[in-house]
Amino acid sequence: MVPELQKTTVRIQQPERVMGLIRAIKEQGGSKLQVISDFDMTLSRFGCNGRRCPTSHNILDNSHVISEDGKKKLKDLLHHYYPIEIDPNRSLEEKRPLMVEWWTRAHELLSQQKIQKGDIAQIVRESDVMLRDGFNELFDQLHKYNVPMFIFSAGVGDILEEIIRQANVFYPNVHVVSNYMDFDDNGVLKCFKSPLIHTYNKNNSVLQGTAYFQQLSTRTSIILLGDSMGDLTMADGVPSVENILKIGFLNDKVEERRGKYLDAYDIVLESDETLDVVNGILRFILMET
Ligand code: C5P
Ligand code: MG
């Protein structure tokens, strides 16, 4: 059915259930389908040749517009809070206030750096960001079959939109909800717009009336893509879900986190920098029979 599921990176706890879900989504057809995806470390790569790739925040943190002192402070925050974010032994309740702290402090530091709106394109161009292999096919297929793609990101919206624009895949079926920068009349960053989206509040609490999902109420089949345990609630605002297939990229601390990921995600992709499996499943679902 989907040869890509034979890849050695694929782990599935309940294969029959997964095959049943994929078959059911295919039966419903492309007109009932929507894709809900995280951005950083899900659509973008986690690593390349043994080096970490940047998140949308890191792209700003490492850019030439940030002072040396600012860079050091932002790196210190990352080294303190990232291990907490991915710690499988802490509860979400424990993590949530700490994530608010991280994002708030990082956004305050970034807002002191006089970042210009006009510099964003160059900052992205000069960064090491990479979309996962196969991103072209993913965006092209969804566009071709008019399947809405909702990118729900706790990263920086202005940056991630620029990444997909520079990759020439920002099609009209792509809709982004994320943290956006607020610029003053001179185009200088003054703060970030609310509501603050962090890893563990990606649910309808930040989707303001979930107008987007209401519009798509007939799209009852969902493919959800994420890399964090916080991404699992991204479809909570969808009014009537019939079939939801959750695909999780397990990028970091693979051994420690495997058990939790296998319990939560239908398909777990371990250290897989490609979108092969997602594309294979979509090809099968959308293929005319
Ligand atoms: O798009 P996504 O929701 O994955 O974006 C959030 C990611 O950005 C988190 O996984 C977190 O590790 C990272 N982050 C960062 N710097 C910050 C805040 C979050 O790199 N200041
Ligand atoms: Mg992510």
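Note that ligands are numbered from 1 as they come in the structure, with each ligand's atoms numbered from 1 the same way. We count residues from 1, following the sequence as given.
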Enquirer: Can you label the angle between the His57 ring and the Trp103 ring as parallel, tilted or perpendicular, going by 30° and 60°?
Expert: perpendicular
Enquirer: Counting from 1, what ligand 1 atoms have a heavy atom of Lys202 closer than 4.0 Å?
Expert: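 By the 4.0 Å cutoff, the relevant atoms are 2 (P), 3 (O).
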Enquirer: Answer yes when Asp133 and Arg45 have at least one side-chain N-carboxylate O distance shorter than 4.0 Å, and no when they do not.
Expert: yes
Enquirer: In total, how many protein N/O/S atoms does one find closer than 2.8 Å to the Mg ion (ligand 2)?
Expert: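 Protein heteroatoms (N, O, S) closer than 2.8 Å to the Mg ion (ligand 2) number 3.
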Enquirer: Return the closest protein heavy atom for atom 16 (N) of ligand 1 as residue, atom name and distance.
Expert: His57 CB, 3.2 Å
Enquirer: Ignoring hydrogens, just give me the one of Leu110, Asp38, Thr55 whose non-hydrogen atom is nearest atom 13 (C) of ligand 1.
Expert: Thr55
Enquirer: With the threshold set at 4.0 Å, does a side-chain nitrogen-carboxylate oxygen contact exist between Asp276 and Lys7?
Expert: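 Salt bridge flag = yes for Lys7 with Asp276.
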Enquirer: What is the nearest protein non-hydrogen atom to atom 12 (O) of ligand 1, stated with its residue, atom name and distance?
Expert: Glu85 OE1, 2.6 Å
Enquirer: As a test of understanding, state which of Ile36, Asn243, Ile285, Ile244 forms a side chain to side chain contact (heavy atoms under 4.5 Å, CB included) with Ile223.
Expert: Ile285
Enquirer: Under a 4.0 Å threshold between the charged nitrogen and the carboxylate oxygen, would Glu270 count as salt-bridged to Arg11?
Expert: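 Salt bridge: yes.
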Enquirer: For Phe39, which of Ile164, Ile159, Thr55 qualifies under side chain to side chain contact (heavy atoms under 4.5 Å, CB included)?
Expert: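 Exactly one pass, corresponding to Ile164.
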Enquirer: Identify, with sequence neighbours excluded, every residue that meets side-chain hydrogen bond (donor to acceptor under 3.5 Å, both in side chains) alongside Tyr81.
Expert: Glu101, Arg105
Enquirer: Show me which atoms of ligand 1 lie under 4.0 Å from any heavy atom of Ala106.
Expert: 21 (N)
Enquirer: Does only the side chain of Met41 get under 4.0 Å from ligand 1, or the backbone, or both, or neither? Count heavy atoms.
Expert: neither
Enquirer: Check the orientation of Tyr171 and His143. Use parallel for under 30°, tilted for 30 to 60°, and perpendicular for over 60°.
Expert: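 Rings of Tyr171 and His143: parallel, under 30°.
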Enquirer: Within the 4.0 Å heavy-atom shell around Phe39, which atoms of ligand 1 are there?
Expert: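 Counting from 1, the qualifying ligand atoms are 1 (O).
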Enquirer: If you draw the axis of the six-membered ring of Phe249, does the NZ or CZ of Arg132 fall within 45° of it and under 6.0 Å from the ring centre?
Expert: yes
Enquirer: Is Lys26 close enough and on-axis enough to Phe284, meaning under 6.0 Å and within 45°, for cation-pi?
Expert: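 Satisfied, under 6.0 Å and within 45°.
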Enquirer: Flag yes if more than 12 heavy atoms outside Lys260 fall under 6.0 Å of its NZ atom; otherwise flag no.
Expert: no
Enquirer: Can you list the ligand 1 atoms lying under 4.0 Å from a non-hydrogen atom of Ser153?
Expert: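 Per the distance check, 1 (O), 2 (P), 3 (O).
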Enquirer: Select one of side chain, backbone, both or neither to describe which atoms of Tyr82 lie under 4.0 Å from any atom of ligand 1, heavy atoms only.
Expert: side chain
Enquirer: What protein heavy atom sits nearest atom 5 (O) of ligand 1, and how far away is it?
Expert: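 Here the closest protein heavy atom is Asp40 OD2, 3.0 Å.
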